[in-house]
Amino acid sequence: MRPQPRSREPRSAHYTPTIITAFILICLIISPLVAFAGDPEVTVTRVENLPNRLFYFDDTPVVLFHDPVKLSVMRSPDEGKTWSPISGPQEGEAVRLIDHPHNNKMAFIIGRDTTHWVTYNQGDSWQSFETPREASLGASMLSFHAENDGWILFQGRACEDTGRGKWGGGKSCWDETYYTQDAFRSTPKLLLSQTSQCLFARSSDAFVNAPESLIFCVAFDESNKSGGMHSVKESRLYSSEDWFDTKKFVDLGIGKKARGVVGLGVVSKFMVAALKVTEGDARRASGGDPMHLYVSTDGKTWRQTQFPHSALPDLKENAYTVVESTTHSIAVDILTSPSANIGTLFVSSSEGTYFVEALPDTNRNDYGIVDFEQLIGLEGVGIANVVSNREEVVGWGESKKIKSKITYDDGSSWRFLKAPQTNMDGDDWSCNTADLESCSLHVHSVTTPHNIGRVFSSTAPGYVMAVGSVGSSLLPYEECDTFLSTDAGLTWKMVQEGAHKYEFGDQGSVLVIVDDEEPTDNVKYSYDGGATWSQLHLGVSVRGLVLTTIPDSTSQKFLLIGTLPRRDSVKGGRHAMIFLDFAPVQTRQCTSSDFEKWYARSEEGRECLMGHRQWYQRRKLDAQCYVGNKFEDPVGHEENCACTDEDYECDFNYVRQDGECVPVGPEPVPAGTCNKADDKYLGSSGYRKIPGNTCENRSDKAKDSPIMKDCSSARPQEGKVSHVTHGFNSVITQHQYFPGSQSVLLQLGDGTVWQSSNEGFSWKQLYEQETFLGVTMHTFAGERAYLLTDSKRIYHTTDYGRSWNVITAPELPNNLGITILDFHPTKADWLIYTGAIDCTDTLSTNCRAVSYYSTDHGRRWKKIEEYVRNCAWARDARLKIDEREIICESYKNKKGSQLGGEYNPLELIAGPGYYSKKIKLFDAVVGFASFSEYLLVAQLNELAGTLSLQVSLDGYHFSEGQFPPSMKIENHAYTILESNTDSVFIHVTMNSDVGKEWGSIFKSNSNGTYYNLAVEYVNRNTAGYVDFEKMLGLDGIAVINVVSNPREADLSGNKKIKTYITHNDGATWKPMNPPPKDSLGQEYDCTSTACSLQIHGYTERRDPKATYSSPSAVGLMLAVGNVGENLAAYTDSDVFLTRDGGFTWEEVHKDAHIWEFGDSGSILVLVNDEEATDHILYTTDEGLTWNEYSFGQTLRIKSIQTVPDDTSRRFMLIGNEPGKNDKSVLVHLDFSAITNIKCQLSIEDPNHDDFQLWSPSEGREENCLFGRQTMYHRRIRDRNCYVGQRIDQPKTIVRNCTCTPADFECEFNYRRDANNNCVLVDGALPLPIDTEYEQCDGNTEFWYERTEYRKIPYSSCEGGERPDRGRRHECPGLILRGGLGGLFWGSIAMIPFAFAGLAGWYYWTKGSRPGSIRLGEHRAFGDDSPAAGVLSIIASVPIFLIAVTQEGWAWICRKVPFLDDLFASRTPYRSVPIDDDAEILGNYEDD
């Protein structure tokens, strides 16, 4: 987290190194210039060095100047007219000069060692004080209390000799924080050791809700004095209200996980803490968030900030920049295009928690500084710069085209700066100023400062100055001119040609500018708002560097700092401090008639912000007088406005839905009310006034006034379930939850769309006038959804449905069965839209699909191709290929109608650079799919009429999938199944007769090219879906249904189904163990060895989202089935449950029911699926006992729904009344009140919490799965508590297990025989036994000959039996050979560090590891060898360098060639989320 540096209103400054080459003041030679009466006065003081710190004591004429070369301080009592050395520190002792931000009499000088100095009288005299430690130069040395100005925290550096240095000696150093309560009048005392930062909660004037003495420290374990080599994991936040006599760990509301604190700061009324999420805790779906921000408004209660998912790419610590914020919101800029330094600005809600996008494509620099600045004294008004050509900058490396925008409503809306009608000479601009998009004013901003202090404004009301240009984008600084606005940026005029430094004085009555392009001997000034300018000669020629005045701009005296030409450099110094006094120009002080009442935002339509309008009394532009009132800031007046909807936000337990606040569920009622069902109670209206808002209610009833409500809608008593029933006049055809939220969308058969923001408790129809064709959720950004209409309008939301906006599609949506929208996995704004041309007429001869892409969320579209069947982004969540590549299935012949029946080959075209270049991959295909980290293509051989499977890992180069010779797939359809264990499962249809379909499942090797038979005769339906389902949450467990009578079924059409399960990712399949007794305690009739549990699978499921298992209930599975030799009819089936991943089962209820998991499995809900019913069954102990709840109406229930991760206690029943199939009824069920006790999870004391550690078993002595024993937390079955948020499973690997036969599968062209041995398939040839090319990659000592077995890629077993290893051979050219000494390794290690420099040091000391590269696992090579660890560590440093300089990396690769190969190779696979259902590549059949 990086707070945006603000030039504090006391124009104190740090200069960049280009300005500060040598800054210190010596030898003062004062040359007063004689001025004529009534003319400004000029006084020149020569100095040897430029200052690196210059500040005015607030509301005083006293200035301090710090010389960084001589390490001395000078003082001026008269705003810079005269200067003298201070008393106290001698020359060479003043290392740092620090002002007190809350006391205008105090300042501090930090010395070299433990002696420092303080002034209590604005630098007139200085007293020395001692600290126990020297100052820590790398941290914020002093921290101040906003109210008690004597309370100060001092950051010191402690060191001790260790004797462990390389050449003897050696030091271990750490930071310590000390405190004083009397501004160092007494010796400071130790506050806390091993700190990196401490501050007072009330360090800001606006942060007033925290206790007065509350202090926060970011600290490490005090017992570890490791010389600063702390891991970021050790960094925690602590607080104290008694100067750390007692220390409290601040858990930020997340418990022990609150570690890795990397930043802490106070912004206005908000305290912000930044956490670096440690490895394993970060959830990185498509571009996760390794940084978390937490916000507090009182220092006690903390809330994690919620940004839209699309805003969170792989962030670094400077990816968050907290920019200037108001008292009612935080503004944060997030780096969204790291390679180009482009971000997105977000503004928070009033409590600082929820952020909405305010401005995309903001301009940033390399230091995380953002081009955004608010105008002083004008609430909610700010100017920002955006990059208008982000796509070209990111994709092609073009130079940025900068445009400027202004907001008058705190970021809610933005507009371009309106250019003046003419330039300074009265000539028109070369563009049309009426077209703001192509002709507006653009200004240089914060990222390229040319002065100290504010860039645009001062306290002078409404006055804004800037250096900029008029046109389509900002020109370089040297080509710009100087502009002025006197109405807060509404209108502008050009006041001088060329770039100038500028400053405001006397509340804007005097404006001063100096040439900023070349040396000058004059400045210009204006007393009439820039209408006319006078010239003041300086007597010397200088290159102006700084032009400043007192912080509140109420003085007529200015200070110009500049450098003299070399020829004028005489004794006294090369640089000049030039004092300018304009007081003699105006002799009459303004009276009341000289002032006007000026309103901010007077022409913007929305005058009121936060319930009031602002106005100032300011001098009329043409008044011939001076304001005076020095050191008195202009007073802003507020006139309260009538309250409008904008002045309210949603009350607690309410959420915004399409502009309205709706309850998240039943409302708690006051005690003593609702004694009878028909009672009423006084409850919230759903709204509350935004904190700090001053609007006045001028109507009969305020929007936040409580209203009377029926008790029937209130929250039920504890232990009770509640429901609400909703009827719809059409059939519900689709429902979609927004992941991670309570919002749901319904689409009905009549083309209407309804939204609920409270999981179905209440509903609102969206846009009643529209007919919607469909609802599409963004595949990778959960907060986004799209409503497709029958026109070009697409309604979209980027905030979970809180608000909706419209984008215009380039064509009408297609009706050709082609996906209309495709989404990019890492760029949420990148869309592909496929519409249709000339397809409205069914007899059209030119109907065709056409695809477009947009990189700005539909604001602009660019055509990709016509006559396509599918265009999509090539990149997928795990397919890490060129993010700008688009792949299209494109018809070869671009003519005729796509609805025609004639054959037209589909070519597969790869288009890098947004399809700017076309590369034909295949002449004819059936389809393609991005799946996990593979790109799979079904290639059609037109002559032979056969199919082949092509696999790619980069989107350009393909390998044909190899199948055993007896299992040719050329003329078969195949279905790609889900996988999350580094292999592809593919189902190949072997019998495609309608009603008799079955096929074989093949499993690939780790690169998807070799496919081996896993199991035969797997059941499939006509649509191509397969009875195959992976268990959610546990790797390697899958359930299938096979046709046990394939030959008989082929004749009779009657398939007999049998269920099998695997616990080792398909290596072996077994029948499922039946329970010993049914739910009534009776034994089953079937007792033979052929008896097993059979369950109904995916192909029979009415709702494909109703999975056996749940992502949040590890080990739990529910299914409908029977105990017998074959699967019985659905109506003859019962409900079964497993708690251990399918090893053991129990029958929990008779008859077929549909089910749903809630609250991570603490609630299971069943509803009868065989007939209409008026009740549901639920259990809170995983089926030990069942409760019945009636919802009061007999319905035929079709599905039960809850949030996708099954963590909610609210459900939706969707069904219809018997006989009314054309309408739907939705019942909202709420189990929130059945218990108010939250389950406790204690890692430290597991014997006294509500969870147990559980490990899946392989049915052997060791509880191992995939070669390791992994422990999971799950709620103890009979505990009466709710889980709440999803448990982050640590998946603690207790240990890797010894390899057993279960960790191996058959090699390509081998299959298991009746004895479970791997034997060669008849007629097949084995792969070559030589695997040197696979295993010897320069890092491996030996390679082993191939055998008939291969290790399951996902297994981490060690030792034991290794049937996959044949004869051993030594790898040639081994770089890790024992003969290489330490010098070799030192040379490799030093090359990256030579480039990393300080960044490398930071990498090690702060522990911010970008992640080591694991070298791919071969059958003979694990990553547990010491050499592998060395290379991994070395490899991790250049990753950091790649982000710094590609040129440096290329140089390293030339010097150490093997590194290039190391990084070019593909990294090993990681576990991925299970893909939704299956993707059918094609149903091509050769009859």
Side-chain angles (χ1 to χ4, degrees), residues 7 9 11 324 373-383 404 406-408 417-418 420 441 443-446 450-468 481-496 500-514 523-534 547-558 580 582 585-586 590 594-604 614-630 632-637:
S7 53
E9 271 71 301
R11 304 242 198 255
E324 286 187 299
E373 184 179 84
Q374 290 188 341
L375 302 190
I376 295 179
L378 301 180
E379 198 171 19
V381 183
I383 296 176
S404 298
I406 190 167
T407 179
Y408 291 92
L417 302 182
K418 186 173 178 60
L441 175 62
V443 295
H444 286 271
S445 184
V446 183
H450 289 266
N451 201 2
I452 64 172
R454 312 288 301 194
V455 174
F456 300 120
S457 65
S458 73
T459 57
Y463 282 83
V464 188
M465 291 192 75
V467 172
D481 302 305
T482 306
F483 294 82
L484 168 70
S485 171
T486 58
D487 53 12
L490 286 172
T491 61
W492 295 79
K493 63 181 177 181
M494 179 178 164
V495 292
Q496 286 293 325
H500 289 71
K501 297 187 189 299
Y502 45 83
E503 191 52 276
F504 309 86
D506 194 35
Q507 297 189 24
S509 66
V510 57
L511 308 176
V512 181
I513 62 174
V514 62
V523 298
K524 295 181 176 68
Y525 63 97
S526 173
Y527 266 92
D528 54 9
T532 61
W533 293 85
S534 302
L547 177 62
T548 187
T549 184
I550 63 174
D552 57 15
S553 296
T554 58
S555 173
Q556 297 184 73
K557 300 176 175 63
F558 297 79
L580 308 172
F582 293 91
V585 177
Q586 296 287 353
C590 300
D594 295 308
F595 289 90
E596 63 182 354
K597 196 175 187 179
W598 178 77
Y599 281 89
R601 296 183 295 274
S602 58
E603 297 180 26
E604 257 313 292
Q614 280 182 293
W615 63 271
Y616 287 88
Q617 286 278 13
R618 74 174 186 182
R619 171 185 168 274
K620 295 176 181 177
L621 297 182
D622 57 356
Q624 297 297 312
C625 60
Y626 70 93
V627 176
N629 304 325
K630 195 171 180 180
E632 295 181 15
D633 292 356
V635 178
H637 302 271

Between Y525 and F582, what is the ring plane arrangement, given parallel below 30°, perpendicular above 60°, and tilted in between?
tilted
Atom CG of D487 and atom OH of Y463: how far apart are they, to the nearest 0.5 Å?
10.5 Å
Within-4.5 Å side-chain heavy-atom neighbours: K524 and V512
no
Please check if the side chain of S458 supplies one atom and the backbone of F504 the other of a donor-acceptor pair under 3.5 Å.
no
Side chain to side chain donor-acceptor pair (under 3.5 Å) involving K630 - partner list, sequence neighbours excluded
E79
Within the distance-only criterion (no hydrogens, no angle test), does the side chain of R619 pair as donor or acceptor with the backbone N or O of C625 below 3.5 angstrom?
yes
Verify, without hydrogens or angle tests, whether T459 (side chain) and D552 (backbone) share a donor-acceptor contact under 3.5 angstrom.
yes
Quick one: which of P461, S509, C590 gives a side-chain contact (heavy atoms from CB on, under 4.5 Å) with R618?
P461
Test your reading of the model: is there a side-chain donor-acceptor pair from T549 to the backbone of K557, 3.5 Å cut-off?
yes
In V514, V467, L511, the residue satisfying side-chain contact (heavy atoms from CB on, under 4.5 Å) with Y502 is V467
Going by the angle between their ring planes, with limits at 30° and 60°, are Y599 and W615 parallel, tilted or perpendicular?
tilted
Is Y616 reaching over with its side chain to a backbone N or O of A460, donor-acceptor style, under 3.5 angstrom?
no
Where the side chain of Q496 meets the backbone of D481, is there a donor-acceptor pair that is under 3.5 Å apart?
no
Answer yes or no: is there a side-chain heavy-atom contact under 4.5 Å between F456 and V443?
yes
Not counting sequence neighbours, which residues clear side chain to side chain donor-acceptor pair (under 3.5 Å) with Y527? List them please.
Q556
Under 3.5 Å: donor-acceptor pair, side chain of Q507, backbone of Y626:
no
